[in-house]
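Worksheet for the structure shown next.
Everything quoted here is computed from the prediction, not taken from an experiment. Side chains included, hydrogens not; waters and symmetry mates left out as well; all remaining heavy atoms used.
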Amino acid sequence: MRVLLVGAGGVGTAVTRIAARRPFFEAMVVADYDPARAEAAVSALDGDDRFTAERVDAADEAAVAGLLARHRCDVLLNATDPRFVMPLFGAARTAGATYVDMAMSLSRPHPERPYEECGVKLGDAQFAQADEWAKAGGLALVGMGVEPGLSDVFARYAADELFDEIEEIGIRDGANLTVEGLDFAPSFSIWTTIEECLNPPVVYEADRGWFTTAPFSEPEVFDFPEGIGPVECVNVEHEEVLLVPRWVEARRVTFKYGLGGEFIETLKTLHRLELDRTEPVTVKGAAGPVAVSPRDVVAACLPDPATLGERMHGKTCAGTWVRGVKDGAPREVYLYHVVDNQWSMTEYGSQAVVWQTAVNPVVALELLATGAWSGAGVLGPEAFPARPFLDLLTAYGSPWGMREQ
C-alpha cells in the first residue's frame, strides 16, 4: 500500500507516528499547504525512508490527483478540515485511488425551517456519487476517525453481537481534560468545533427519518468511565447520525457531546457576534483593505490544539451507548475508548484528542491493506465487520471497553 496523507496538522502528524510502528504499507507521502509542517512530521520519524514530505494545496483537485499519480499512491487519507473534503474526494476518484476521511462533506441548514427540517446533510455530496464509485469498483471509506469512525464500528458490533433489536444508539463523547494557564483552549480544531456545534443537530427516528433540533438541545448528564465521571452532554450535529441508520437498524440515533456550560456560552457569544461566519468580511490592513473570514480569525487567535499536549491533563472518552433487547430481555451497554493524555504524550508525543482521532484511520488502512476489509462505493465504517477492527485496535496497544448500564 502506498498512501498520500493530506494534512500535517495535529491529527496528520499523529497518523505518521502511529503508522511508523506498523509494517503494512510501502510508502506514505505527507503533504500539506505549509511544507514546513509536512517536513517536520517526516523528520520526527528517525529516518524512516517510507515517509516523504510534499507541498500541496488541498483545494486544488488537479494538483492532488497529480501528486497521487506521481508517487503511485493507491490510497488518499484526508487529515484536513471538512472544507477540503470534496476536492480531495474528487482527486481520489480521478486518480483511481481509495479515499479515506475522518469528517464528511459539509451541511447547509434548511433555509426556512433550520431547527425542524434538514437542508443539505453531512455527507450528501459524497453519497450523491456513491453509484459512480461503486460502478468503477472504487472505495471511499468516509467518517473513519474516532467520532465518526470508531463510534460507528461500535454500533455495528452492538448490532452483530450484543442485541437482537436496538431501540436507540446514542454516541456520547466526554472528557475531563484541562489546559494549564489557559481559560479557553479547545483540544480540537476550533473551526470544526464551531461548525458542528452551532449547526442544527440532526436526530434520526425510524418512523420520521432525519430531522433537526436547536443547537445544544436535550441536555443530559452522562457518567463517563475510568474516572472521568458525570458530564452534561447536548445534541450536536455529527456524522454518525447520518451514517449509522444506513447500515444498522435502530429506532433512534443521536449524538451528544460533553461541552460544559462555559464552552457553550463561548460558542453562543461567537455566534451572536457573527464571529462564526466563514464568509469573508473586509477589514483595514497595513497595505489596504483585506478580506478575511471571521472564523479563520478566531482560529488564528487560539493556540494550535496540537501544541497543547504538554499543558493538558486528564482523559478523553469516545463511545456508543446502545439500548435494546437481547434474548427477550432489556439490555443497555456503553462501548467506549478512553485515552489518557499523559500516556499518549509519553508514548507518541501527541495529545490525547488528536491521537485518539488518528489511530482509527491507521487501523482501517491496515485492514484494507490485508484484505480484512474490502468493498466498493461510498461506505461508512458500519458497512464492514466490526470484530477485526476492534481486535486490531487492541493490538495497537489501545484497548476498548464495554460497560453494562
Side-chain angles (χ1 to χ4, degrees), residues 77-78 81-82 85-86 88-89 98-108 118-131 133-134 139-160 163 166-173 192 195-196 199-206 208-213 235-257 318-322 324 335-337 356-357 360-361 363-364 367-368 373-386 389-390 393:
L77 174 56
N78 176 2
D81 73 52
V85 163
M86 290 314 293
L88 294 175
F89 184 76
T98 294
Y99 171 84
V100 181
D101 66 26
M102 293 167 262
M104 296 173 66
S105 60
L106 292 171
S107 63
R108 289 198 304 276
C118 295
V120 175
K121 301 187 298 300
L122 291 168
D124 273 359
Q126 290 170 285
F127 282 116
Q129 298 182 33
D131 287 346
W133 279 79
L139 172 62
L141 172 51
V142 296
M144 193 58 257
V146 60
E147 292 174 336
L150 177 58
S151 50
D152 303 74
V153 172
F154 284 147
R156 174 65 186 268
Y157 175 75
D160 287 351
F163 290 85
I166 294 177
E167 181 67 29
E168 183 168 358
I169 294 174
I171 315 306
R172 299 294 184 264
D173 179 309
T192 303
E195 180 74 17
E196 62 191 24
N199 276 352
V202 180
V203 174
Y204 173 83
E205 292 180 356
R208 186 176 174 184
W210 287 294
F211 62 94
T212 56
T213 69
N235 279 326
V236 167
E237 181 191 49
H238 232 252
E239 287 90 342
E240 291 94 326
V241 179
L242 289 313
L243 286 170
V244 169
R246 296 175 188 268
W247 289 280
V248 176
E249 188 173 340
R251 294 186 179 90
R252 193 167 197 262
V253 182
T254 59
F255 180 98
K256 292 189 180 182
Y257 196 4
T320 302
W321 164 75
V322 187
L335 302 158
Y336 63 89
H337 184 252
Q356 188 182 46
T357 303
N360 295 286
V363 171
L367 292 173
L368 292 172
W373 276 12
S374 63
V378 179
L379 304 177
E382 304 87 347
F384 301 89
F389 187 100
L390 296 175
L393 179 64

Strictly by modelled atom types, are R172 and T254 linked by a side-chain donor-acceptor pair under 3.5 Å? yes
Pairs meeting criterion salt bridge (Lys or Arg N to Asp or Glu O under 4.0 Å) with involvement of residues 143-157, two or more places apart: R156-D160
As a quick check of understanding, evaluate side-chain contact (heavy atoms from CB on, under 4.5 Å) for V202 and F255, giving each step before the final call. CA-CA 8 Å; V202 180; F255 180 98; over 6 Å; no
Check: [Y] and [X] side chains under 4.5 Å, non-hydrogen atoms:
X	Y	answer
W133	Q126	no
K256	W321	no
F127	K121	no
D173	H238	no
V153	F384	no
I169	T320	yes
M102	N78	no
P82	E195	no

Rounded to the nearest 0.5 Å, how far apart are [atom1] of [X] and [atom2] of [Y]?
X	Y	atom1	atom2	value
E167	R252	CD	CZ	10.0 Å
N199	T212	CG	OG1	10.5 Å
L379	M144	CG	CE	12.5 Å

Go through it in stages, so that I can follow the logic: the residues are L243 and V248, the test is side-chain contact (heavy atoms from CB on, under 4.5 Å), and I'd like the CA-CA distance, side-chain angles, deciding distance and then a yes or no. CA-CA 9 Å; L243 286 170; V248 176; over 6 Å; no
Ignoring hydrogens and angles, tell me if any N or O in the side chain of E239 forms a donor-acceptor pair with the backbone of M104 under 3.5 Å. yes
Is it true that a side-chain atom of W210 and a backbone atom of V241 form a donor plus acceptor pair closer than 3.5 Å? yes
Considering all heavy atoms of both residues, which atom of [X] and which atom of [Y] are nearest to each other, and what is their separation?
X	Y	result
V322	A158	CG2-CB, 3.9 Å
G143	P381	O-CG, 3.4 Å
P361	G145	CD-CA, 4.2 Å
V253	A250	CG2-CB, 4.2 Å
E240	S151	OE2-OG, 2.7 Å
N235	T213	ND2-OG1, 4.0 Å

Where do L150 and L393 land on the side-chain contact (heavy atoms from CB on, under 4.5 Å) test, with the steps shown first? CA-CA 10 Å; L150 177 58; L393 179 64; 4.0 Å; yes
Please walk me through it: do W373 and F389 pass side-chain contact (heavy atoms from CB on, under 4.5 Å)? CA-CA 9 Å; W373 276 12; F389 187 100; 3.6 Å; yes
Member of L141, L77, L139 meeting the side chain to side chain contact (heavy atoms under 4.5 Å, CB included) criterion with T98: L139
With E249 via salt bridge (charged side-chain N to carboxylate O under 4.0 Å, His left out) - residues at least two apart: none
Evaluate the ring planes of F89 and Y99, with Trp represented by its six-membered ring, and classify them as parallel (under 30°), tilted (30 to 60°) or perpendicular (over 60°). perpendicular
